[in-house]
Amino acid sequence: MSFFIASAVLQSDPPSSLDPRGPAAANIAELWWVMFLLGTAIFVLVVGLMLFGLFARRNAPEPDERQGNRWIVIGGIIMPSIVLAVVFLFTMRSSAMTANEPGTGALTIEVIGRRWWWEVNYPEQGVITANEIHIPVGTPIEFLLKSGDVIHSFWVPQLAGKMDLIPGRDNRLILQADEAGVYRGECAEYCGLQHARMQFIVIAQNPAEFEQWIASQQQVAELPQDELAARGQEVFVSAGCVYCHTVRGLDSGDVDRSAVDLGPDLTHLASRTTIGAGIRANNRGNLSGWISNPHGIKPGVLMPATLLPGEELQALLAFLESLQ
Ligand code: CUA
(Lines give C-alpha, C1' and ligand atoms only; values in the text may rest on other atoms or scores of the structure.)
Protein backbone atom coordinates (compact mmCIF):
# COMPACT_ATOMS: atom_id res chain seq x y z
CA MET A 1 0.00 0.00 0.00
CA SER A 2 2.61 2.53 1.08
CA PHE A 3 4.84 1.58 -1.84
CA PHE A 4 2.02 2.34 -4.27
CA ILE A 5 1.30 5.69 -2.65
CA ALA A 6 5.01 6.58 -2.81
CA SER A 7 5.48 5.66 -6.44
CA ALA A 8 2.18 7.26 -7.43
CA VAL A 9 3.15 10.48 -5.68
CA LEU A 10 6.75 10.66 -6.84
CA GLN A 11 5.81 10.02 -10.47
CA SER A 12 2.57 11.94 -10.63
CA ASP A 13 2.09 15.04 -12.73
CA PRO A 14 2.40 18.33 -10.89
CA PRO A 15 -0.83 18.92 -9.00
CA SER A 16 -3.08 21.39 -10.77
CA SER A 17 -5.28 23.94 -9.06
CA LEU A 18 -7.59 23.56 -12.08
CA ASP A 19 -8.27 19.98 -11.02
CA PRO A 20 -9.93 20.78 -7.67
CA ARG A 21 -11.00 18.05 -5.23
CA GLY A 22 -12.53 20.14 -2.47
CA PRO A 23 -14.82 23.15 -2.03
CA ALA A 24 -12.10 25.74 -1.32
CA ALA A 25 -10.07 24.72 -4.38
CA ALA A 26 -13.21 24.48 -6.54
CA ASN A 27 -14.00 28.03 -5.60
CA ILE A 28 -10.56 29.25 -6.57
CA ALA A 29 -10.68 27.31 -9.84
CA GLU A 30 -14.02 28.93 -10.63
CA LEU A 31 -12.57 32.39 -10.01
CA TRP A 32 -9.64 31.50 -12.27
CA TRP A 33 -12.00 30.51 -15.11
CA VAL A 34 -14.09 33.66 -14.72
CA MET A 35 -10.95 35.81 -14.97
CA PHE A 36 -9.60 33.76 -17.85
CA LEU A 37 -12.83 33.98 -19.86
CA LEU A 38 -13.23 37.71 -19.21
CA GLY A 39 -9.60 38.30 -20.14
CA THR A 40 -9.99 36.26 -23.32
CA ALA A 41 -13.16 38.10 -24.35
CA ILE A 42 -11.49 41.49 -23.84
CA PHE A 43 -8.36 40.39 -25.69
CA VAL A 44 -10.44 39.24 -28.68
CA LEU A 45 -12.41 42.49 -28.63
CA VAL A 46 -9.31 44.69 -28.52
CA VAL A 47 -7.51 42.74 -31.24
CA GLY A 48 -10.71 42.85 -33.36
CA LEU A 49 -10.97 46.63 -32.99
CA MET A 50 -7.31 47.03 -33.78
CA LEU A 51 -7.59 44.95 -36.97
CA PHE A 52 -10.71 46.89 -37.89
CA GLY A 53 -8.84 50.15 -37.38
CA LEU A 54 -5.86 48.94 -39.36
CA PHE A 55 -7.60 47.50 -42.40
CA ALA A 56 -11.33 48.10 -42.69
CA ARG A 57 -11.27 51.83 -42.15
CA ARG A 58 -8.12 52.67 -44.01
CA ASN A 59 -9.96 54.92 -46.44
CA ALA A 60 -12.65 56.18 -44.07
CA PRO A 61 -12.77 59.87 -43.19
CA GLU A 62 -11.23 61.03 -39.89
CA PRO A 63 -13.76 60.58 -37.01
CA ASP A 64 -14.85 63.77 -35.33
CA GLU A 65 -13.59 64.55 -31.85
CA ARG A 66 -16.89 63.83 -30.07
CA GLN A 67 -17.02 60.33 -31.51
CA GLY A 68 -13.43 59.71 -30.41
CA ASN A 69 -14.21 60.88 -26.88
CA ARG A 70 -17.16 58.51 -26.71
CA TRP A 71 -14.81 55.57 -27.42
CA ILE A 72 -12.53 56.70 -24.61
CA VAL A 73 -15.38 57.06 -22.10
CA ILE A 74 -17.00 53.73 -22.98
CA GLY A 75 -13.89 51.67 -23.68
CA GLY A 76 -11.55 53.31 -21.19
CA ILE A 77 -13.78 54.05 -18.19
CA ILE A 78 -17.19 52.36 -18.25
CA MET A 79 -16.17 48.94 -19.56
CA PRO A 80 -13.13 48.48 -17.31
CA SER A 81 -15.22 49.60 -14.31
CA ILE A 82 -17.83 46.95 -15.05
CA VAL A 83 -15.23 44.24 -15.66
CA LEU A 84 -13.24 45.11 -12.53
CA ALA A 85 -16.43 45.23 -10.45
CA VAL A 86 -17.40 41.75 -11.65
CA VAL A 87 -13.93 40.39 -10.88
CA PHE A 88 -13.98 42.15 -7.50
CA LEU A 89 -17.31 40.56 -6.58
CA PHE A 90 -16.13 37.09 -7.57
CA THR A 91 -12.91 37.61 -5.62
CA MET A 92 -14.81 38.75 -2.52
CA ARG A 93 -17.04 35.72 -2.81
CA SER A 94 -14.05 33.36 -3.07
CA SER A 95 -12.29 35.06 -0.15
CA ALA A 96 -15.40 34.82 2.01
CA MET A 97 -15.95 31.16 1.14
CA THR A 98 -12.36 30.11 1.74
CA ALA A 99 -12.21 32.03 5.05
CA ASN A 100 -15.34 30.34 6.43
CA GLU A 101 -15.51 29.29 10.03
CA PRO A 102 -14.87 25.58 10.23
CA GLY A 103 -18.19 24.84 11.95
CA THR A 104 -18.58 22.04 14.41
CA GLY A 105 -16.86 18.77 13.80
CA ALA A 106 -13.79 20.34 12.24
CA LEU A 107 -10.54 18.56 12.85
CA THR A 108 -7.61 20.73 13.94
CA ILE A 109 -4.15 19.97 12.60
CA GLU A 110 -1.14 22.06 13.49
CA VAL A 111 1.55 22.33 10.83
CA ILE A 112 4.93 23.85 11.60
CA GLY A 113 7.10 24.77 8.62
CA ARG A 114 10.77 24.07 9.13
CA ARG A 115 13.77 24.18 6.83
CA TRP A 116 12.92 22.04 4.86
CA TRP A 117 10.19 19.81 6.10
CA TRP A 118 6.80 19.92 7.76
CA GLU A 119 6.04 19.01 11.34
CA VAL A 120 2.46 17.80 11.65
CA ASN A 121 0.62 17.65 14.99
CA TYR A 122 -2.90 16.52 15.81
CA PRO A 123 -3.23 18.25 19.20
CA GLU A 124 -6.57 16.71 20.19
CA GLN A 125 -5.45 13.20 19.25
CA GLY A 126 -1.90 13.48 20.57
CA VAL A 127 -0.36 12.45 17.25
CA ILE A 128 2.91 13.84 15.88
CA THR A 129 4.22 13.04 12.42
CA ALA A 130 5.97 14.72 9.52
CA ASN A 131 5.46 15.54 5.85
CA GLU A 132 2.42 13.28 5.40
CA ILE A 133 -0.91 14.60 6.55
CA HIS A 134 -3.77 12.15 6.85
CA ILE A 135 -7.25 13.65 6.79
CA PRO A 136 -10.75 12.18 6.71
CA VAL A 137 -12.75 12.75 3.52
CA GLY A 138 -15.74 15.09 3.74
CA THR A 139 -14.69 16.74 6.99
CA PRO A 140 -13.60 20.37 7.25
CA ILE A 141 -10.01 20.53 8.44
CA GLU A 142 -8.70 23.57 10.26
CA PHE A 143 -4.98 23.96 9.77
CA LEU A 144 -3.08 26.06 12.29
CA LEU A 145 0.03 27.16 10.44
CA LYS A 146 3.20 28.17 12.24
CA SER A 147 6.85 28.50 11.43
CA GLY A 148 9.86 27.26 13.32
CA ASP A 149 12.32 29.46 11.45
CA VAL A 150 11.61 31.49 8.31
CA ILE A 151 8.50 32.23 6.24
CA HIS A 152 7.10 29.23 4.37
CA SER A 153 3.82 28.81 2.54
CA PHE A 154 1.45 25.87 2.74
CA TRP A 155 -0.11 24.96 -0.59
CA VAL A 156 -2.11 21.92 -1.69
CA PRO A 157 -3.29 23.15 -5.11
CA GLN A 158 -6.08 20.59 -5.47
CA LEU A 159 -7.54 21.34 -2.05
CA ALA A 160 -7.06 25.03 -1.21
CA GLY A 161 -5.21 28.26 -1.84
CA LYS A 162 -1.86 29.22 -0.36
CA MET A 163 -1.33 30.36 3.20
CA ASP A 164 1.94 31.61 4.66
CA LEU A 165 3.56 30.24 7.80
CA ILE A 166 5.07 33.23 9.53
CA PRO A 167 7.37 33.18 12.57
CA GLY A 168 5.62 34.49 15.68
CA ARG A 169 2.17 34.33 14.15
CA ASP A 170 -0.52 31.66 13.77
CA ASN A 171 -2.37 31.54 10.48
CA ARG A 172 -5.47 29.51 9.77
CA LEU A 173 -6.51 27.66 6.65
CA ILE A 174 -9.64 25.59 6.25
CA LEU A 175 -9.93 22.94 3.61
CA GLN A 176 -11.85 19.81 2.90
CA ALA A 177 -11.24 16.91 0.54
CA ASP A 178 -14.35 15.59 -1.17
CA GLU A 179 -12.66 12.52 -2.63
CA ALA A 180 -10.27 10.01 -1.15
CA GLY A 181 -6.85 10.33 -2.71
CA VAL A 182 -3.27 11.46 -2.32
CA TYR A 183 -2.72 15.15 -2.95
CA ARG A 184 0.66 16.73 -3.36
CA GLY A 185 1.57 19.86 -1.46
CA GLU A 186 4.49 22.23 -1.80
CA CYS A 187 6.11 25.07 0.03
CA ALA A 188 5.11 28.11 -1.99
CA GLU A 189 7.34 30.77 -0.47
CA TYR A 190 11.06 30.85 -1.12
CA CYS A 191 12.67 29.78 2.14
CA GLY A 192 16.24 28.88 1.28
CA LEU A 193 18.32 26.34 -0.54
CA GLN A 194 15.88 23.43 -0.48
CA HIS A 195 12.67 25.39 -0.88
CA ALA A 196 11.82 23.49 -4.05
CA ARG A 197 12.17 20.19 -2.22
CA MET A 198 10.00 21.09 0.74
CA GLN A 199 7.12 18.90 -0.27
CA PHE A 200 4.41 17.01 1.54
CA ILE A 201 1.41 14.89 0.75
CA VAL A 202 -2.14 14.97 2.02
CA ILE A 203 -3.70 11.52 2.22
CA ALA A 204 -7.49 11.82 2.29
CA GLN A 205 -9.08 8.63 3.60
CA ASN A 206 -12.54 7.49 4.49
CA PRO A 207 -13.26 8.25 8.16
CA ALA A 208 -12.93 4.63 9.33
CA GLU A 209 -9.46 4.27 7.77
CA PHE A 210 -8.49 7.63 9.18
CA GLU A 211 -9.51 6.60 12.71
CA GLN A 212 -7.49 3.43 12.29
CA TRP A 213 -4.47 5.48 11.26
CA ILE A 214 -4.88 7.82 14.24
CA ALA A 215 -5.14 4.86 16.61
CA SER A 216 -1.93 3.31 15.26
CA GLN A 217 -0.05 6.63 15.40
CA GLN A 218 -1.10 7.20 19.00
CA GLN A 219 0.85 4.13 20.08
CA VAL A 220 4.40 4.50 21.26
CA ALA A 221 6.98 2.61 19.22
CA GLU A 222 7.01 -1.13 19.63
CA LEU A 223 10.64 -1.75 20.40
CA PRO A 224 12.16 -4.54 18.34
CA GLN A 225 12.54 -8.13 19.55
CA ASP A 226 14.59 -8.99 16.50
CA GLU A 227 18.32 -9.10 17.32
CA LEU A 228 19.57 -6.94 14.44
CA ALA A 229 16.92 -4.28 14.96
CA ALA A 230 17.57 -4.28 18.72
CA ARG A 231 21.23 -3.64 17.94
CA GLY A 232 20.05 -0.84 15.63
CA GLN A 233 18.15 0.70 18.50
CA GLU A 234 21.44 1.01 20.39
CA VAL A 235 23.09 2.55 17.33
CA PHE A 236 20.23 5.05 17.09
CA VAL A 237 21.19 6.29 20.57
CA SER A 238 24.98 5.95 20.36
CA ALA A 239 25.34 7.49 16.88
CA GLY A 240 23.49 10.59 18.04
CA CYS A 241 20.28 10.28 15.95
CA VAL A 242 18.41 10.59 19.20
CA TYR A 243 19.61 14.16 19.73
CA CYS A 244 17.32 15.44 16.98
CA HIS A 245 14.78 12.67 16.43
CA THR A 246 12.21 11.43 18.90
CA VAL A 247 11.09 7.83 18.97
CA ARG A 248 8.34 7.74 21.55
CA GLY A 249 8.71 4.71 23.75
CA LEU A 250 12.48 4.59 23.41
CA ASP A 251 14.43 5.33 26.55
CA SER A 252 17.05 7.74 25.31
CA GLY A 253 18.58 8.57 28.68
CA ASP A 254 18.74 12.24 29.61
CA VAL A 255 19.39 13.70 26.21
CA ASP A 256 19.17 17.48 26.19
CA ARG A 257 17.48 18.53 22.99
CA SER A 258 17.01 22.17 23.91
CA ALA A 259 20.03 23.37 21.94
CA VAL A 260 19.37 21.70 18.60
CA ASP A 261 17.01 22.08 15.70
CA LEU A 262 14.76 19.10 15.97
CA GLY A 263 14.25 16.72 13.10
CA PRO A 264 11.06 14.80 12.37
CA ASP A 265 9.55 12.49 14.97
CA LEU A 266 10.43 8.95 13.85
CA THR A 267 8.13 6.94 16.12
CA HIS A 268 6.21 5.60 13.10
CA LEU A 269 8.74 6.31 10.36
CA ALA A 270 8.11 3.02 8.55
CA SER A 271 4.43 3.89 8.12
CA ARG A 272 5.33 6.91 6.01
CA THR A 273 5.66 6.59 2.25
CA THR A 274 8.42 9.09 1.58
CA ILE A 275 11.50 10.54 3.25
CA GLY A 276 13.32 13.86 2.99
CA ALA A 277 10.00 15.80 2.85
CA GLY A 278 8.41 13.97 -0.04
CA ILE A 279 11.43 13.63 -2.31
CA ARG A 280 12.34 9.92 -2.07
CA ALA A 281 10.35 6.74 -1.57
CA ASN A 282 10.77 5.36 1.93
CA ASN A 283 12.76 2.20 1.28
CA ARG A 284 15.94 0.70 2.61
CA GLY A 285 18.20 1.95 -0.18
CA ASN A 286 17.01 5.53 0.04
CA LEU A 287 17.10 5.52 3.85
CA SER A 288 20.64 4.22 3.76
CA GLY A 289 21.70 6.94 1.30
CA TRP A 290 19.91 9.56 3.35
CA ILE A 291 21.69 8.60 6.59
CA SER A 292 25.13 8.30 5.01
CA ASN A 293 24.98 11.35 2.79
CA PRO A 294 21.87 13.49 3.17
CA HIS A 295 23.60 16.39 1.43
CA GLY A 296 24.00 14.32 -1.70
CA ILE A 297 20.20 14.08 -1.90
CA LYS A 298 19.27 17.44 -0.42
CA PRO A 299 22.20 19.90 -0.38
CA GLY A 300 22.03 22.23 2.59
CA VAL A 301 19.80 19.97 4.66
CA LEU A 302 20.36 20.57 8.38
CA MET A 303 20.86 16.86 9.09
CA PRO A 304 24.55 15.95 9.24
CA ALA A 305 25.92 12.88 7.49
CA THR A 306 26.32 9.89 9.77
CA LEU A 307 29.09 7.59 8.64
CA LEU A 308 28.65 4.21 10.24
CA PRO A 309 30.45 0.91 9.78
CA GLY A 310 28.40 -1.34 7.49
CA GLU A 311 27.27 -3.61 10.28
CA GLU A 312 25.95 -0.68 12.37
CA LEU A 313 24.25 0.91 9.37
CA GLN A 314 22.43 -2.37 8.56
CA ALA A 315 21.33 -2.64 12.19
CA LEU A 316 20.12 0.97 12.24
CA LEU A 317 18.16 0.42 9.01
CA ALA A 318 16.54 -2.68 10.50
CA PHE A 319 15.55 -0.65 13.55
CA LEU A 320 14.11 2.22 11.47
CA GLU A 321 12.18 -0.22 9.30
CA SER A 322 10.67 -1.77 12.42
CA LEU A 323 9.04 1.54 13.38
CA GLN A 324 5.64 0.79 11.88
CU1 CUA B 1 9.62 26.37 2.90
CU2 CUA B 1 9.84 27.29 0.75
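Basis for what follows: all heavy atoms, side chains included, without hydrogens, waters or symmetry-related copies. This chain uses plain numbering: 1 for the first residue, then up along the sequence.
Atom CG of L269 sits about 9.0 Å away from atom OG1 of T129, to the nearest 0.5 Å. In this structure, NE2 in H268 is found 5.0 Å from CD in Q217, a value given to the nearest 0.5 Å. Note that OG1 of T108 is 9.0 Å distant from CD1 of I174, once rounded to the nearest 0.5 Å. Expressed to the nearest 0.5 Å, how far NE2 of H295 lies from CG of L302 amounts to 8.0 Å. Considering CG of L165 and CD of E189, their distance stands at 10.0 Å, rounded to 0.5 Å. Expressed to the nearest 0.5 Å, how far CD of Q158 lies from OG of S17 amounts to 9.0 Å.
Taking 4.5 Å as the limit, some side-chain heavy atom of R248 sits within range of a side-chain heavy atom of T246. Between I135 and L175 the shortest side-chain heavy-atom distance falls below 4.5 Å. Between P23 and D178 there is a side-chain heavy-atom pair separated by less than 4.5 Å. Proximity of E179 to V137: side-chain heavy atoms (C-beta onward) are nowhere separated by under 4.5 Å.
Not counting sequence neighbours, the partners of L38 by the side chain to side chain contact (heavy atoms under 4.5 Å, CB included) test are V34, V83, V86, V87. Evaluation of the side chain to side chain donor-acceptor pair (under 3.5 Å) rule for E186 yields R184 as partners, not counting sequence neighbours. Scored by the ring-ring contact (aromatic ring centres under 6.0 Å, His included) test, W117 finds no partners at all (sequence neighbours excluded). For Q233, there are no side chain to side chain donor-acceptor pair (under 3.5 Å) partners, not counting sequence neighbours. Qualifying ring-ring contact (aromatic ring centres under 6.0 Å, His included) partners for W155, counting only residues two or more places apart in sequence or in other chains: none. Taking S153 as the reference, D164 meet the side chain to side chain donor-acceptor pair (under 3.5 Å) condition, with sequence neighbours excluded. Legend: residues meeting ring-ring contact (aromatic ring centres under 6.0 Å, His included) with F90, ordered by chain and number and at least two apart, are absent. Considering only residues two or more places apart in sequence or on other chains, I112 meets the side chain to side chain contact (heavy atoms under 4.5 Å, CB included) condition with E110, R114, E119, N121, K146. Under the ring-ring contact (aromatic ring centres under 6.0 Å, His included) criterion, Y190 pairs with H195, sequence neighbours left out.
Within a 6.0 Å sphere centred on CE of M303, other residues, nucleotides and ligands contribute more than 12 heavy atoms.
Hydrophobic cluster membership differs between I166 and F200, with clusters built from Ile, Leu, Val, Met, Phe, Trp and Tyr side chains linked at under 4.5 angstrom. Tracing side-chain contacts under 4.5 Å through hydrophobic residues (I, L, V, M, F, W, Y), one never reaches L45 starting from I82; they form parts of separate clusters. Hydrophobic clustering of Ile, Leu, Val, Met, Phe, Trp and Tyr side chains at less than 4.5 Å, counting indirect connections, unites I291 with L250. When hydrophobic clusters are built by joining Ile, Leu, Val, Met, Phe, Trp and Tyr residues whose side-chain heavy atoms come closer than 4.5 Å, directly or via intermediates, L144 is not grouped with I151. Hydrophobic cluster membership differs between Y243 and I128, with clusters built from Ile, Leu, Val, Met, Phe, Trp and Tyr side chains linked at under 4.5 angstrom.
Pairing each heavy atom of H134 with each of F210, the nearest pair is O-CE1, 3.2 Å. The two residues C187 and H152 make their nearest non-hydrogen contact at SG-CB, 3.7 Å. Taking all atoms of both residues into account, the shortest heavy-atom contact from L308 to A239 is CD2-CB, 3.9 Å. In terms of heavy-atom proximity, S292 sits nearest to A305 at O-CB, 3.3 Å. Nearest heavy atom pair, residue E132 against residue R272, reads OE1-CA, 3.4 Å. Closest non-hydrogen pair, P20 versus A29, comes out as CG-CB, 3.9 Å.
At least one donor-acceptor pair under 3.5 Å links the side chain of N131 to the backbone N or O of W118. Formation of a donor-acceptor pair under 3.5 Å by the Q176 side chain with backbone atoms of A24 is not found in this model. Under the 3.5 Å distance criterion, the side-chain polar atoms of K298 are left unmatched by any main-chain donor or acceptor of I279. Within the 3.5 Å criterion, the main-chain N or O of R280 finds no donor-acceptor partner in the side chain of N286. The backbone N or O of W213 lies less than 3.5 Å from a partner atom in the side chain of S216, making a donor-acceptor pair. A side-chain donor-acceptor contact under 3.5 Å links Q218 to the backbone of Q125. Looking only at distances, a side-chain donor or acceptor of W116 sits under 3.5 Å from a matching main-chain atom of C191.
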Run the side-chain donor-acceptor check on residues 317-324: report pairs under 3.5 Å with partners two or more places apart or on a different chain.
| unit_1 | atom_1 | unit_2 | atom_2 | d |
| --- | --- | --- | --- | --- |
| E321 | OE1 | R284 | NE | 3.0 |
| E321 | OE1 | R284 | NH2 | 2.9 |
| S322 | OG | F319 | O | 2.6 |

Under 3.5 Å, which donor-acceptor pairs do the side chains of residues 220-231 form with other protein atoms, sequence neighbours left out?
| unit_1 | atom_1 | unit_2 | atom_2 | d |
| --- | --- | --- | --- | --- |
| Q225 | NE2 | L223 | O | 3.4 |
| D226 | OD2 | L228 | N | 3.3 |
| D226 | OD2 | A229 | N | 2.9 |
| R231 | NE | E311 | OE2 | 3.2 |
| R231 | NH1 | E234 | OE1 | 3.4 |

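Using modelled atom types and a 3.5 Å distance limit, the side chains of S94 and N27 yield a donor-acceptor pair.
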Audit row: N282, T273, side chain to side chain contact (heavy atoms under 4.5 Å, CB included) steps and yes/no | CA-CA 5 Å; N282 184 4; T273 59; 5.7 Å; no
What do the steps show when you test F154 against I133 for side chain to side chain contact (heavy atoms under 4.5 Å, CB included), and what is the final call?
-> CA-CA 12 Å; F154 181 88; I133 307 173; 3.9 Å; yes
Tell me, with the steps shown, if R172 and E142 meet side chain to side chain contact (heavy atoms under 4.5 Å, CB included).
-> CA-CA 7 Å; R172 262 165 91 249; E142 180 189 39; 2.7 Å; yes
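Identified under the salt bridge (charged side-chain N to carboxylate O under 4.0 Å, His left out) test for residues 191-200, with sequence neighbours left out: none.
Ring geometry for W33 against F36 counts as perpendicular: the plane angle is over 60°, on a 0 to 90° scale with 30° as the lower cut.
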